[in-house]
Amino acid sequence: MNIFIQIAYLVASVLFILGIKMLGKTKTARKGNILSSVGMFIAILATVVQVEMISLTDILICVVIGSAIGLLVAFKVEMTKIPEMVALFNGFGGISSLAVAMADFWLNTQEKSLVVDNITAVSVAVSILIGGITFTGSMVAFLKLNGKISGRAITFKGQHLINLVLLIGAIGLSAVALGDFSNADYMIALAVVSLLLGILVVIPIGGADMPVVISLLNSYSGMAACATGFVLNNNVLIVAGALVGASGIILTQIMCKAMNRSLINVLLGGFGQTATNVDGQEGPQITVKEVGLEEAAQIFDSVSSLIIVPGYGMAVAQAQHAVRELSEICEKKGILVRFAIHPVAGRMPGHMNVLLAESNISYDKLIEMDEINDDFGNTDLVFVVGANDVVNPAAKTNPSSPIFGMPVLNVEKARTVIVSKRSMGKGYAGIENELFGADNCLMLFGDAKQTITKLVGELKEL
Ligand code: NAP
């Protein structure tokens with residue numbers, strides 16, 4: 001029996017690895033997702049058949065309840081709320097690892113004569129430490145993202161010192177607990193310190209850094225699961241946890257690079273706070289030129305090259321289908337249409353790719369920032385749809401800007417720029433954007449979906 005279970009785990013692990021590889025490309029992402037799900041199904045099945053302490057019926061009831069909640073959440077959650085959902089799920093992963101490690105620890109300590117090997121003992125401590133930090137850290141991130149607590153950085157004097165002392169304390173407690181595995185008090189104290197540390201580590205982080213933290217917590221939840229795999233001696237949990245841990249840290253690194261922030265800088269926090277200060281200051285007065293729908297349609301009708309730059313506002317307005325219609329009518333008029341994709345446009349990596357793919361825009365029209373950035377100079381028209389920070393030239397020109405150094409799209413270099421947004425509202429970083437006052441920039445105010453639908457109507461009549 002054991003050999004079949006190990007083979008099933010091996011098959012599941014291979015499916016996870018192939019699935020993750022396929023998730024790296026838009027074209028293969030859906031298949032990758034299905035493959036990974038099949039892998040998870042096999043892993044769960046192989047685990048369930050070997051469980052002795054709980055009846056199969058009880059397990060099935062839990063599977064049905066869990067799947068129903070998963071389905072409900074998947075159907076109900078809006079695209080813009082995905083980071084919140086990921087934060088919540090990371091937290092659940094963390095608390096599961098902590099709970100499983102604690103349960104295993106108690107089972108062992110009840111049998112005082114039982115000798116616990118070093119790997120299990122260290123893994124229990126690591127699962128509790130990382131699982132605890134992941135749980136409360138993710139809950140704080142979830143509350144910040146859905147606005148239940150301030151999304152800004154919450155800082156106070158001596159914060160980093162307290163965190164350092166708590167971390168050293170947690171490591172010390174782990175060492176003492178491992179020396180006296182039969183004493184439950186140390187492990188309980190470790191769990192309490194870890195839970196506290198999770199809160200204190202995440203509260204100083206705010207603003208645009210939050211999604212980076214979510215990706216990091218995702219990596220932590222993987223590491224905690226991996227450690228729990230060692231506790232339970234379960235190979236597939238070790239592999240799956242290691243995959244989540246490694247891919248989460250790679251994603252964190254990619255996001256930091258795209259925002260020109262170091263991970264240490266993100267973890268030390270304060271981003272949202274800087275944005276608050278900038279917000280409060282009287283920035284330079286930006287005078288903008290408004291354009292009406294008719295005039296905008298005439299500009300579209302007169303150009304031969306167009307780059308559409310989608311941003312978070314397109315997701316809010318759910319304007320992706322209207323954007324596709326616009327691109328189709330422009331192409332019918334012989335205009336070369338391409339989409340410029342900034343790596344951190346929207347609120348999660350790949351946000352724009354997912355939305356545009358959903359509206360059936362061909363993948364080869366989506367061009368990454370590094371590939372398209374030199375082309376803006378010889379483009380007739382750039383249409384910015386609900387993007388703000390990712391097209392803010394201050395990132396290149398203003399060293400005092402909180403986003404200075406973040407790579408941005410060179411949209412201001414195009415002959416004409418039309419921006420679709422509702423007002424002069426700021427973006428995620430909470431700062432002004434001088435692009436909107438540039439000589440070649442025209443503002444087309446209104447909700448992106450409604451505006452673009454009307455624009456398409458106007459274009460059809462030309
Ligand atoms: P953004 O800077 O957040 O700006 C979005 C703009 O959309 C706002 O200025 C808003 O202006 C407009 N908007 C909102 N609702 C709209 C609607 N219904 N119709 C039209 N416009 C609407 O967006 P972004 O340029 O995509 O930049 C993303 C930001 O998130 C960056 O600061 C990035 O660093 C941060 N971030 C992203 C990720 C990621 O993984 N994608 C990760 C970390 C951080 P109005 O209110 O005036 O309409």
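Counting begins at 1 with the first residue of the sequence. Start at 1 and go down the list; that is how both ligands and their atoms are numbered.
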Query raised in the report: Going by atom types alone, do D380 and S304 pair a side-chain donor with an acceptor below 3.5 Å?
Result: yes

Query raised in the report: Is it true that the side chains of N378 and K413 contain a donor and an acceptor less than 3.5 Å apart?
Result: no

Side-chain donor-acceptor pairs of residues 455-462 under 3.5 Å, sequence neighbours excluded:
none

Protein residue, atom and distance nearest to [atom], heavy-atom basis:
{"atom": "atom 44 (C) of ligand 1", "answer": "A208 O, 3.0 Å"}
{"atom": "atom 47 (O) of ligand 1", "answer": "S423 OG, 2.8 Å"}
{"atom": "atom 46 (O) of ligand 1", "answer": "R422 NH2, 2.8 Å"}
{"atom": "atom 33 (C) of ligand 1", "answer": "V344 O, 3.6 Å"}
{"atom": "atom 18 (N) of ligand 1", "answer": "D447 OD1, 2.9 Å"}
{"atom": "atom 19 (N) of ligand 1", "answer": "A448 N, 3.0 Å"}
{"atom": "atom 13 (N) of ligand 1", "answer": "G313 CA, 3.5 Å"}
{"atom": "atom 9 (O) of ligand 1", "answer": "N388 ND2, 3.0 Å"}

Sub-4.0 Å atoms of ligand 1 with respect to non-hydrogen atoms of [X]:
{"X": "A317", "value": "17 (C), 18 (N), 19 (N)"}
{"X": "G386", "value": "5 (C), 6 (C), 7 (O), 21 (N)"}
{"X": "V316", "value": "15 (N)"}
{"X": "Y428", "value": "1 (P), 2 (O), 3 (O), 29 (C), 30 (O), 32 (O), 35 (C)"}
{"X": "M255", "value": "40 (O), 42 (C)"}
{"X": "G427", "value": "1 (P), 2 (O), 3 (O), 4 (O), 9 (O)"}
{"X": "V390", "value": "25 (O), 27 (O)"}

Query raised in the report: If you measure from each heavy atom of H351 to ligand 1, is any distance below 4.0 Å?
Result: no

State whether the shortest distance between N or O atoms of [X] and N or O atoms of ligand 1 falls below 3.5 angstrom.
{"X": "G425", "value": "yes"}
{"X": "M406", "value": "no"}
{"X": "A387", "value": "no"}

Requested in this report: Indicate, with yes or no, if the rings of F135 and F92 have centres closer together than 6.0 Å.
Outcome: no

Report task. Please state which part of K426 comes within less than 4.0 Å of ligand 1, counting heavy atoms only: side chain, backbone, both or neither. Result -> backbone

Report task. Please confirm whether R422 makes a cation-pi placement over F445, using NZ or CZ under 6.0 Å from the six-membered ring centre and within 45° of the ring normal. Result -> no

Requested in this report: Check I341, V390, V323 against P310 for a side-chain contact (heavy atoms from CB on, under 4.5 Å) and give me the one that passes.
Outcome: I341

Name each donor-acceptor pair under 3.5 Å that joins a side chain in residues 65-74 to protein atoms two or more places apart or in another chain, with its distance.
from	atom 1	to	atom 2	distance (Å)
S67	OG	V63	O	2.7

Query raised in the report: salt bridge (charged side-chain N to carboxylate O under 4.0 Å, His left out) between K333 and E328: does it pass, once the steps are laid out?
Result: CA-CA 9 Å; K333 287 177 183 286; E328 281 172 358; over 6 Å; no

Drop me the distance from [X]'s [atom1] to [Y]'s [atom2], to the nearest 0.5 angstrom.
{"X": "I154", "Y": "I203", "atom1": "CD1", "atom2": "CD1", "result": "5.5 Å"}
{"X": "I307", "Y": "I367", "atom1": "CD1", "atom2": "CD1", "result": "8.5 Å"}
{"X": "L129", "Y": "Y220", "atom1": "CG", "atom2": "OH", "result": "10.0 Å"}
{"X": "L173", "Y": "S194", "atom1": "CG", "atom2": "OG", "result": "8.5 Å"}

Report task. Report the member of G311, S215, P343, G346 with the shortest heavy-atom distance to atom 28 (C) of ligand 1. Result -> G346

Query raised in the report: Between the main-chain N or O of L237 and the side-chain N or O of N234, is there a donor-acceptor pair closer than 3.5 Å?
Result: yes

